[in-house]
Amino acid sequence: MIKLKKRKQFHQKHTDKKIKLKGIAYIFLILLMFVTVIHDSFVHELPFYYILLVIGGLLVGRFVALTQKVMIGKDEKTLTLKVKPIGMVITILLLMLRYFAGKMILEEFNLLWAMDGVYLFFIGVYFAKVKNMLKQIDEQFYVYLFDHKKS
């Protein structure tokens, strides 16, 4: 229990605002899209194969997560997020897919509720990104503890 409390304090004290805001934004988007999909699934009785879109989103999200890295800042007191240039390109492509092309692509496959399919895909993407960020923050936490236990 004490270990978890120390880890939470470390996260709050040493995590950069950019990382915190990104995490909050991703979680908010996931919840918003999840509520929409749950509502539509009860109203329209969505078929089970929509789950494949979540799995596809998780796979894409893991790939996207590889383009960003949580690092200890120069002052050695904050964690910062560094995104590779390819990550920015992928993010722009995903934004275009989400807002412009996603619905059209899924309608070509005759999915009746194409927007719900797009939402499910991006729930997977954002979930994988958040999970990867938290994993990297935890790794940096243990590195920080190990270095400070030595001294």
Discussion item. Could you see if Val125 belongs to whatever hydrophobic cluster contains Ile86? Use Ile, Leu, Val, Met, Phe, Trp, Tyr and a side-chain cutoff under 4.5 Å.
Written reply: yes
Between Phe121 and the options Ile55, Val54, Val60, the side chain to side chain contact (heavy atoms under 4.5 Å, CB included) test singles out Val60
Are there over 12 heavy-atom neighbours, none belonging to Lys22, within less than 6.0 Å of that residue's NZ? yes
Checklist entry - Are Leu134 and Val64 in one and the same hydrophobic cluster, where Ile, Leu, Val, Met, Phe, Trp and Tyr link if side-chain heavy atoms are under 4.5 Å apart? => result yes
Heavy-atom nearest pair, Ala65 first then Gln136, reads O-NE2, 4.3 Å
*Please answer whether the main-chain N or O of Phe63 pairs with a side-chain N or O of Thr67 as donor and acceptor at a distance below 3.5 Å.*
no
In the structure I gave you, are the side-chain heavy atoms of Lys84 and Lys69 within less than 4.5 Å of one another anywhere?
no
Counting neighbours of OH on Tyr26 that are heavy atoms of other residues, nucleotides or ligands and sit closer than 6.0 Å, is the number greater than 12? yes
In this structure, OG1 of Thr36 is separated from CG of Leu31 (nearest 0.5 Å) by 10.5 Å
dist Gln68:CD -> Lys82:NZ (nearest 0.5 Å) comes out at 13.0 Å
### Message
Count I, L, V, M, F, W, Y as connected when their side-chain heavy atoms are under 4.5 Å apart, and connections chain through other members. Are Met88 and Ile90 then in the same cluster?
### Response
yes
When rounded to the nearest 0.5 Å, the distance separating OH of Tyr126 from CG of Leu94 is 7.5 Å
Review point. Does any non-hydrogen side-chain atom of Glu139 lie less than 4.5 Å from one of Lys135?
Key: yes
Between the CG atom in Leu66 and the CG atom in Asn132, the distance rounded to the nearest 0.5 Å is 6.5 Å
Output for pair (Leu29 CG, Tyr119 OH), nearest 0.5 Å, gives 10.0 Å
Do Met96 and Val89 share a hydrophobic cluster, counting only Ile, Leu, Val, Met, Phe, Trp and Tyr and linking them when any side-chain heavy atoms are less than 4.5 Å apart? yes
In this structure, CD1 of Ile92 is separated from CG of Leu97 (nearest 0.5 Å) by 14.0 Å
